[in-house]
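Read through the structure below, which is laid out as structure tokens, and then see the notes.
Read the numbers this way: they start at 1 and go in the same order the structure lists the ligands and their atoms.
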Amino acid sequence: MLVKRGIAVSPGVASAPALVLGRDLLQFSRKSIRPDAVDREIGRFRQAVSDTCAEIATHADEASARLGDKYGAIFQAHMELAQDPLLLAEVEQLIVKQLWSPELAVQTVLQKQARTLEALDNPYLKERAVDLNDLERGLLRHLSGKDTNQSLVLTEPVIILAHNLTPSQTARLDPKFVKAFATEVGGPTSHTAILAGALEIPAVVGLGSFLHQVSGGEVVIVDGDEGNVIIAPDEAALKASEKSARSQKSKDLRLKKLSEKDCYTADNVRIAVYGNIEFPHEALHCRERGAEGIGLYRTEFLYMNREDEPSEEDHYNAYLEVVQTFPDRPVVIRTLDLGADKVPGMMESVFSDFTNPELGLRSIRVSLHDKERFKKQLRAILRAAVHGDIRVMFPLISSLSELREAKSVLRDVAEDLLEEQITHRADIPVGMMVEVPSAALMASEFAKEVSFFSIGTNDLIQYTLAADRSDPAVARYYNSADPAILRTIKMVAEAAAKAKIGVTICGQMCSDPRFVPLFLGLGIERLSVTPQAIPEIKDLIRHLTTRKAWEIAVQASEMDLAREIDQFLLGEVKKMLATGDEEE
Ligand code: PEP
Ligand code: MG
């Protein structure tokens, strides 16, 4: 049994056989085959072996011609492995007897052999393990026809272990079969992590290199609460994981019941708790968990699992579904936040060349760059707005001129719709995300020109502390409890209060119970959180008085170390919940 520690990004505990995707993402689509397909699959495997051997021979010839025969001979070792009758027979056995796909069989057999060699104390044999890894990649590439972008079609539960998953790959995972995933890279507020939460798939990221220590088919436990991944767990660990999954389920049920009513603090101050969504169908998940509207709809995910550009009708239908789920509650539609790590396959050519996409053409900048796409979305928003309380919000605003330009496009769109006599609502509230330090610093000026702010802590932290939100190497610098972050949020909340406009927090920080008393103490009365967190956050608010929240905010503001603030906030929440439970 091997325990790896990473960053817990989506709660829940699950155990299932591993499906190892390695660096070549989503490389194979099938895990098992039908009995009548055995001959065809054996044929496919043999063809892949012969193509791989031909490729090795070409590499050997090229190396000999360019560098000399001595180098060409290196490939002889690869060739011997690719033609090893015992190895090939073992793969074929799994295809014939277990009805495994050739891809899964190749991965399982070759990784097992590689690990056996790696464990030996012999440098020569250790090298052969690397050869086996190369051979495995070559065979998988030939088997997949080099199409690395196809969806996984699964028929039984698995846990996906991968070097990395992009948001669009994550968006395609089927929660019915993907019980959890764990990746070597990734950060706590990366979009992949956010999607895992949206799909309600337990996930751990940022584990560092570990894929070479696990074989496909081996049982693993992913603990998305603690951030642990256990490879080949023993009986006791399996039992503990099952117990923890059961007790989580019963706690969820209890909190769900309590969360159905609107939310008030213990001293009767109304706090609105909204849901964050990426897909329209999640609006229903939010409503079922007691959300009082949608505080953040990340519309760019409309682009994620498709090959073509969404039409105005696609946008409209998605917004309609959300607003019909919440016909008399606020629904905040954020305009496209494309770019950075949210790059759909069809747009890769536009974005892929930039070395620092988080600081590049992203979000509102993309929308203002391509006004036709932006207008299409705004038309759909204004049309859907006749069906409920829709509000529009611009992401990543960094200057007043940018905000004014976006608002002017919105006005143009309203005029066009009027001229075309298309039913719409032009006077919807217009808000902006505060997620760039320049916007926070200029909050008083911005507050005069919008109806509401929504503080996006995910980006605000990465830009304030210069720590990429997706990079585990800088995860320790990406600190939500940093005093600079608290100060920035306070400044924005004060500017909003002075201008008498609403302010919501919608970053992941808000789904973490630790920070909720602090936000309330800073005068923030609207929180927008991931659907799964809604019942727990509402429960916490019920245990809290505004006086206590204010005291916590004052005390935290006097501390100057992130670690100190973190410990203090955690201790306060623990105390609060313990007292509350005694009272119940
Ligand atoms: C944020 O940055 O906090 C936010 C909510 O936006 P996103 O996570 O989609 O970038
Ligand atoms: Mg953001």
Side-chain angles (χ1 to χ4, degrees), residues 9-10 166-168 170-171 186-199 205 273-279 282 286 294-304 332-344 351 357-367 377 391-398 402 406 431-440 452-471 478-482 485-486 488-489 492-493 503-512 515 519 524 526-531 533 537:
V9 292
S10 178
T166 65
S168 43
T170 311
T189 62
S190 63
H191 290 106
T192 297
I194 289 168
L195 270 174
L199 294 165
V205 302
V273 179
Y274 306 125
N276 290 347
I277 60 168
E278 285 73 39
F279 304 105
E282 281 182 278
C286 291
I294 298 298
L296 169 66
Y297 174 11
R298 293 181 164 99
T299 57
E300 57 280 4
F301 284 90
L302 209 57
Y303 280 69
M304 291 298 165
V332 178
I333 301 184
R334 182 178 75 179
T335 62
L336 299 171
D337 185 5
L338 291 165
D341 68 336
K342 285 182 277 194
V343 178
F351 292 107
E358 296 288 351
L359 296 180
L361 192 60
R362 177 191 164 189
S363 199
I364 191 70
R365 300 170 184 179
V366 176
S367 295
Q377 172 171 42
R391 302 160 187 204
V392 66
M393 174 160 80
F394 301 124
L396 211 84
I397 293 289
S398 60
E402 204 172 34
M432 61 176 266
M433 300 274 298
V434 180
E435 49 185 349
V436 180
S438 61
F452 63 93
F453 284 154
S454 191
I455 304 179
T457 50
N458 304 338
D459 278 315
L460 190 60
I461 296 168
Q462 81 164 344
Y463 295 129
T464 304
L465 301 177
D468 190 325
R469 62 194 269 187
S470 307
D471 185 352
Y478 184 99
N479 202 330
S480 309
D482 193 285
I485 302 301
L486 269 51
T488 310
I489 294 173
V492 177
V503 57
T504 307
I505 305 243
C506 67
Q508 290 297 98
M509 216 175 149
C510 199
S511 305
D512 182 338
F515 297 106
F519 294 150
I524 292 164
R526 299 169 199 198
L527 311 177
S528 193
V529 308
T530 55
I537 299 298

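A donor atom on one side chain and an acceptor atom on the other are found under 3.5 Å apart for Q377 and T299. Side chains of S363 and D337: a donor-acceptor N/O pair is present below 3.5 angstrom, by distance only.
Residue R469 places a heavy atom under 4.0 Å from ligand 1. Using 4.0 Å as the threshold, R362 has a heavy atom nearer than that to some atom of ligand 1.
Residue E435 approaches ligand 1 through these ligand atoms, each under 4.0 Å from one of its heavy atoms: 1 (C), 2 (O), 4 (C), 6 (O). Close approach of ligand 1 to L296 is summarised as follows: ligand atoms under 4.0 Å from at least one heavy atom of the residue are 5 (C). The ligand atoms of ligand 1 that sit less than 4.0 angstrom from a heavy atom of I194 are 8 (O). Counting the atoms of ligand 1 from 1 in the order shown, those under 4.0 Å from a heavy atom of G507 are 3 (O). Close approach to C506 involves these atoms of ligand 1, each under 4.0 Å from a residue heavy atom: 5 (C).
Side-chain contact between S454 and M432 is absent, with no heavy atoms from C-beta onward closer than 4.5 Å. Taking the side chain as every heavy atom from C-beta outward, V492 and F453 approach each other to under 4.5 Å. Contact check for D482 versus I461: no side-chain heavy atoms found under the 4.5 Å cut-off. Contact annotation: the side chain of L336 never approaches that of F301 to less than 4.5 Å [non-hydrogen atoms, C-beta and beyond]. Within the 4.5 Å cutoff, the side chain of V436 has no heavy atoms near those of the L460 side chain. The closest side-chain heavy-atom distance from I485 to M509 is below 4.5 Å.
Counting only heavy atoms of the protein, atom 5 (C) of ligand 1 lies nearest to R298 NH2, 3.4 Å. Of all protein heavy atoms, the one closest to atom 4 (C) of ligand 1 is M433 CE, 3.6 Å. The protein non-hydrogen atom at the shortest distance from atom 6 (O) of ligand 1 is R334 NH1, 2.9 Å.
Between R469 and E358, none of the side-chain N atoms (NZ, or NE/NH1/NH2) sits under 4.0 Å from a carboxylate O, so this pair counts as no salt bridge. Ion pairing of R362 with D459 is present here, as a side-chain N (NZ or NE/NH1/NH2) and a carboxylate O approach within less than 4.0 Å.
For residue D337, no N/O/S atom approaches the Mg ion (ligand 2) to within less than 2.8 Å.
At under 3.5 Å, not a single nitrogen or oxygen of Q508, backbone or side chain, sits near a nitrogen or oxygen of ligand 1. Not a single N or O atom of E300, backbone or side chain, sits closer than 3.5 Å to an N or O atom of ligand 1.
In E435, the N, O or S atom that comes nearest to the Mg ion (ligand 2) is OE1. Looking at D459 and the Mg ion (ligand 2) together, the shortest N, O or S contact belongs to OD2.
Only the side chain of D337 comes within 4.0 Å of ligand 1, judged by heavy-atom distances.
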